[in-house]
Number of protein chains: 2
Amino acid sequence: MKEKSTSFDIAYRAGVSQSTVSRALRNSPLVNAATRSKIQAIAKELNYKVDKNASNLRSQQSDTIALLLFEDPTNDDSAINPFFLSMLGSITRACASKGYDLLVSFQQASEDWHADFEDSNKADGLILLGYGDYVDYEEKLVKLLDQGTHFVRWGAEVKHLPIISVGCDNFTGGKEITEHIIKLGRKSFAFLGSASSHAPEFFERYKGHCQALKAHQLTVNPALQFNAMYTEESGYQAACRLINSGESFDAICAACDLIAVGAMRALQEHGFKIPEQVSVVGFDDIAIASFTFPPLTTVKQDTKLAGELLVNTLLSLIHGEEASTTLIPPELVMRKSCAS
Amino acid sequence: MKEKSTSFDIAYRAGVSQSTVSRALRNSPLVNAATRSKIQAIAKELNYKVDKNASNLRSQQSDTIALLLFEDPTNDDSAINPFFLSMLGSITRACASKGYDLLVSFQQASEDWHADFEDSNKADGLILLGYGDYVDYEEKLVKLLDQGTHFVRWGAEVKHLPIISVGCDNFTGGKEITEHIIKLGRKSFAFLGSASSHAPEFFERYKGHCQALKAHQLTVNPALQFNAMYTEESGYQAACRLINSGESFDAICAACDLIAVGAMRALQEHGFKIPEQVSVVGFDDIAIASFTFPPLTTVKQDTKLAGELLVNTLLSLIHGEEASTTLIPPELVMRKSCAS
DNA sequence: ACGATTTACTTTATCGTTTTCATCGAAAAA
DNA sequence: TTTTTCGATGAAAACGATAAAGTAAATCGT
């Protein structure tokens, strides 16, 4: 196995200095076209690749961005939420199209992630992805800000801090999907998902939900709100609690698709007909949603657009350009889990 | 925003030389415990992080592995196959637990990927993931081998080359799932998925399928084999071709779950009852499989195990240890899409 | 008590680039 | 002819760590 060649080897063969080689390989106009192509030919022949470590060290940039995925530590060996998986896919694609490498990393919210990737020069910037619980998360965001780290968050806007976010308009989504069912004639709405600021996106969806109810002179019954995490199992259990509560209801708004899927399972086990007796809706539009029985009516978050926005925004930040928080409009996806 | 501090800053404050700092931070036993902790304290206080580029450059290793995901260029804006997404998740986790960073990259089989990541010292090794079409893929594998690049493939064993692979035992999986339906009493089996070596894993499954048929004195009817790619749409179309062919059949073995899902859609649109008239099975056990109607009986590939195996094997290779190709045993997952 | 280890550092070389600064011949301007 | 200006290149200084080699003081065995 041959030694890996360096720019000096090429310089030697081309009969020029190493610095000329470096310039030629980066298509610098400072080097004569003839020598440039000669050098490039030799480089190709030797199968030469610039050493990224050396290059990054000198130029102080890595052309790499890091994606930090936050997951609830409690369910760490279960599958990753398909919604985030889908985001991951689109972010990967978006990065590639911009010529950036993507470093993917899982983090537990509790860890010392805040000062790792950009500080060690492994990445030029960070994308933070996950359902954010703000308990001590926010304090770390502030630290990132202090350090001048470039980063973009996925999620609800943080009003009181100069943090750039890209997120879905959860409030509007929650409102519109609820209005949709209201128009179908349902009266008693249960909401499955957290109604507290610990889960900001769920909370926004809940607020939109309530807003829609009020706008149509329907009462918001707190006894019909049940907490649930973003898992199928959690949705199943919340629905069981709902059913056992004895409250009557004819519609369920789930804070995310996985919850909705779990809820449908619980309902069907208890003999409820969907959508005849109960209309069910979710949020996210994960792949599973179109294959459930009945197919789930939900709110689509455009992950492709989101991924592109996330990396474009981050890149702007890195390049010192202006950037601002963006909300992606939600989109209703009507399927069969609702009826009048 | 303060300058980022270097090991010299720490050395200055601690009153020692820079190299002592370097050692202290790596917990070298060569430095006195007292000074070591003093240095580490200062480092923490200054929020110092070692510069990975400098460190990697000097030590010639990156503690990073690259995951190359191959996707069919034709469907590049559609969603990524959930099976690979799931693998991605488990590989990410496995890497993290070993203290390695993960660089994720999409590649088109046609591109010049073979010499990029390890040659440029961005990664210490490669994981190759994707349904492999061997046309000019193999030639690149040989190049990787020549270069001494450390890599592991996901997929069927490559018999004639010293390449380490981790894969599912597709043959056995295909055989067992087919036997399962045979025992249920079905007689006319259609197979949806490529039966050629261009799609090695599908081909293996097909061979297992045929083997099972023969072992039970059933005929393999070539007119009941239809090509399909690994997408839902492709499965749908293959099933339509099957239906329109006029051949009679009472069971469909799909080469992967997505194909099965598409096939079920086609069957139901044409009024077939699943599983009463037609039994359907898939392969992979993607998340969707448990939510289809009826829930899909399939062969589970344990992605968690696969991810761990992939990174452990690669790490062995990197560290110069012995490693060998591994086959993961498939596991039947009985659900409701088959009946006697 | 005296050379031989050990312990705890410091010095110096090195990794392979990018980048600044200096150079040098030739064409253009004076 | 002499001086400028440029276009093209080379030499050398970073970049920020790690690793090998060197040094002084403390510890040791006999």
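Below, chains carry the letters A, B, ... as their sequence lines are ordered, and counting in each starts from 1.
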*Going 5' to 3' through nucleotides 22-28 of chain C, assign each nucleotide B (protein heavy atom under 4.0 Å from a base atom), S (under 4.0 Å only from sugar-phosphate atoms) or - (no protein heavy atom that close).*
-------

*In terms of side-chain heavy atoms, does A/S7 have a donor or acceptor partner in A/Q18 at a distance below 3.5 Å?*
yes

*asked:* Is there a side-chain contact between A/S7 and the phosphate of C/dG16, meaning an N or O under 4.0 Å from OP1 or OP2?
replied: no

*Across the strands shown, which category fits A/F8 at heavy-atom distances under 4.0 angstrom: base, sugar-phosphate, nothing?*
base

_C/dT17, OP1 or OP2 - any side-chain N/O from A/R26 closer than 4.0 Å?_
no

_One pair to check against side-chain contact (heavy atoms from CB on, under 4.5 Å): B/Q61 and B/D124. What are the steps and the verdict?_
CA-CA 6 Å; B/Q61 54 155 37; B/D124 298 335; 3.8 Å; yes

*Choose from C/dT19, D/dC15, C/dG16 the nucleotide whose nearest atom is closest to any side-chain atom of A/Q60.*
D/dC15

*the helix from C/dA1-D/dT30 to C/dA30-D/dT1: angle between its terminal axes, five pairs each, to 10°?*
40°

_Tell me whether B/K122 is salt-bridged to A/D101, with the criterion being a basic N under 4.0 Å from an acidic carboxylate O._
yes

_Do A/L129 and A/I91 make a side-chain contact, defined as non-hydrogen atoms from C-beta onward lying under 4.5 Å apart?_
yes

*Would you indicate whether the side-chain heavy atoms of A/F151 and A/I163 approach each other to under 4.5 Å?*
yes

*Quick one: the side chain of A/R58 and the base of C/dT18, do they pair up donor-acceptor inside 3.5 Å?*
yes

*State, without any angle test, whether A/N53 and B/N121 hold a side-chain donor-acceptor pair at a distance under 3.5 Å.*
no

*Aromatic ring pairing B/Y230/B/F84, orientation class (parallel under 30°, perpendicular over 60°, tilted between)*: perpendicular

_For a quick test of reading the model: is some side-chain N or O of A/S22 closer than 4.0 Å to OP1 or OP2 of C/dT18?_
yes

*With sugar-phosphate meaning primed atoms plus P, OP1 and OP2, does B/T6 contact a base, only sugar-phosphate, or nothing at under 4.0 Å between heavy atoms?*
sugar-phosphate

*Where the side chain of B/V50 is concerned, which of D/dA17, C/dC15, C/dT18 is the nearest nucleotide?*
D/dA17

Show each protein N/O and nucleotides 8-10 of chain C N/O combination with a separation under 3.5 Å, one pair to a line.
from   : atom 1 : to    : atom 2 : distance (Å)
C/dA8  : OP1    : B/N32 : ND2    : 3.2
C/dC9  : OP2    : B/N32 : N      : 3.1
C/dC9  : OP2    : B/T35 : OG1    : 2.9
C/dT10 : OP1    : B/S17 : N      : 3.4
C/dT10 : OP2    : B/S17 : N      : 2.5
C/dT10 : OP2    : B/S17 : OG     : 2.7
C/dT10 : OP2    : B/T20 : OG1    : 2.8
C/dT10 : O4     : B/R23 : NH2    : 2.6

